[in-house]
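Beneath this line is the structure, given in structure tokens, with notes to follow.
Just so you know, these numbers use all the heavy atoms, side chains as well, and skip hydrogens, waters and symmetry mates. Just so you know, these numbers come straight off a predicted model, no measurement behind them.
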Amino acid sequence: AEEYQAQTAQIDKLITERDQFSHELLQALCQQPQENTPQPSSAAKSTKIPDPPILTDGKNPTFEGWLIKIRNKLKVNADHFADEEAKVAYIQLCTDEEASEHIQPQLEEGVADPYTSHSEVLSHLQSIYEDPNQVFNTKNKFKKLFMKPSQTFHKFYTWFLHLFSRAQIALSDLKYKLNNKLSFDLQRQVIAQFHAEIPLKAFADHCGVVDQSLRAINKKQSRACAPA
């Protein structure tokens, strides 16, 4: 009986020591610096959009189209550029030949008046390639624009809206001007819709449907009249 009691006491002592050791070990682990704990990753960068084409002479690609694309690139992927210097360097990489030569002097080392922002580079290029009489010239093009009989309404309307957006024409006049520039055959077919109180888009959609129908009828008529 005494031997059993001694063994029991020894087991209880071992259990107590085990629990104490476990407690001390747990405290020691909690106090250690979390050097190996994975740190949360930085915020994911924006999805990279395609680079703009290389600007050379402002004609192919056009400066206007290139400017829109490079502005979108610098805005959408702003987190890919460390600072303004990186943006300026990127713009330089997107130019070549004549366009590159225009901005080269202010990019050279030690120049007295270097670019300090990407906006300055783009403004410099704008002063060279943008037409100062753009609005005036576009108004003249818009004035001369008329839908040709061989032209689909879709192609005509695309060019119509392009010139309108650049010619600074009052939106309230647009439906009237669109109707006056349609081919005579199409004007006859849409006269009721023109006088109806409907917005420009609805009128343009109707013109597109009628134009397609007229072309299908004319094509069918041509086949029927063709000699056997």
Within a radius of less than 6.0 Å around [atom1] of [X], do more than 12 heavy atoms belonging to other residues, nucleotides or ligands occur?
| X | atom1 | result |
| --- | --- | --- |
| Ile54 | CD1 | yes |
| Glu85 | CD | no |
| Lys139 | NZ | yes |
| His162 | NE2 | yes |

Check your understanding: From Thr95 OG1 over to Asp57 CG, what is the distance, rounded to the nearest 0.5 angstrom?
Key ->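 One finds 12.5 Å between OG1 of Thr95 and CG of Asp57.
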**Study point:** Glu130 CD to Ser123 OG distance, which is reported to the nearest 0.5 Å
**Key:**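 Rounded to the nearest 0.5 Å, the CD-OG separation comes out at 9.5 Å.
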What's in the same ILVMFWY side-chain cluster as [X], cut-off under 4.5 Å, chained through other members?
| X | answer |
| --- | --- |
| Tyr129 | Leu55, Phe63, Trp66, Leu67, Ile70, Leu74, Phe81, Val88, Tyr90, Ile91, Ile103, Leu107, Tyr115, Val121, Leu122, Leu125, Ile128 |
| Val111 | none |
| Ile217 | none |

Answer yes or no: is there a side-chain heavy-atom contact under 4.5 Å between [X] and [Y]?
| X | Y | value |
| --- | --- | --- |
| Leu182 | Phe156 | yes |
| Lys155 | Met147 | no |
| His124 | Gln106 | yes |
| Thr158 | Phe153 | no |
| Phe164 | Thr138 | no |
| Lys48 | Lys73 | yes |

Without swapping roles, check the side chain of [X] against the backbone of [Y] for a donor-acceptor pair under 3.5 Å.
| X | Y | result |
| --- | --- | --- |
| Asp211 | His154 | no |
| Thr62 | Gly58 | no |
| Asp51 | Cys94 | no |
| Asn137 | Asn133 | yes |

**Study point:** Ser46 versus Asp79, side-chain donor and acceptor atoms under 3.5 Å
**Key:**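 Yes, a side-chain donor-acceptor pair sits under 3.5 Å.
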Exercise for review: Please list, chain by chain and in numerical order, all residues satisfying side chain to side chain donor-acceptor pair (under 3.5 Å) with Glu120, sequence neighbours excluded.
Suggested key: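 Once residues adjacent in sequence are excluded, the partners of Glu120 under the side chain to side chain donor-acceptor pair (under 3.5 Å) criterion are Thr116.
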Exercise for review: Scan for side-chain hydrogen bond (donor to acceptor under 3.5 Å, both in side chains) pairs involving residues 175-204, sequence neighbours excluded, and state none if there are none.
Suggested key: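 Listed by first then second residue: Tyr176-Asn180, Asp185-Arg188, Lys201-Asp205.
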Look at the side-chain heavy atoms of Ile, Leu, Val, Met, Phe, Trp and Tyr, link any pair under 4.5 Å apart, and say whether [X] and [Y] land in one connected group.
| X | Y | answer |
| --- | --- | --- |
| Leu186 | Ile198 | yes |
| Leu161 | Phe194 | yes |
| Trp159 | Leu200 | yes |

**Study point:** Centroid separation Phe160 to Phe142 less than 6.0 Å
**Key:**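 Yes.
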Exercise for review: Check side-chain contact (heavy atoms from CB on, under 4.5 Å) between Lys141 and all other residues, then give those that pass, not counting sequence neighbours.
Suggested key: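 Only Leu163 meet the side-chain contact (heavy atoms from CB on, under 4.5 Å) criterion with Lys141.
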Point to revise | For the student: nearest non-hydrogen atoms of Arg215 and Pro149, plus distance | key: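 Where Arg215 meets Pro149 most closely, the heavy atoms are NH2-O, 3.3 Å.
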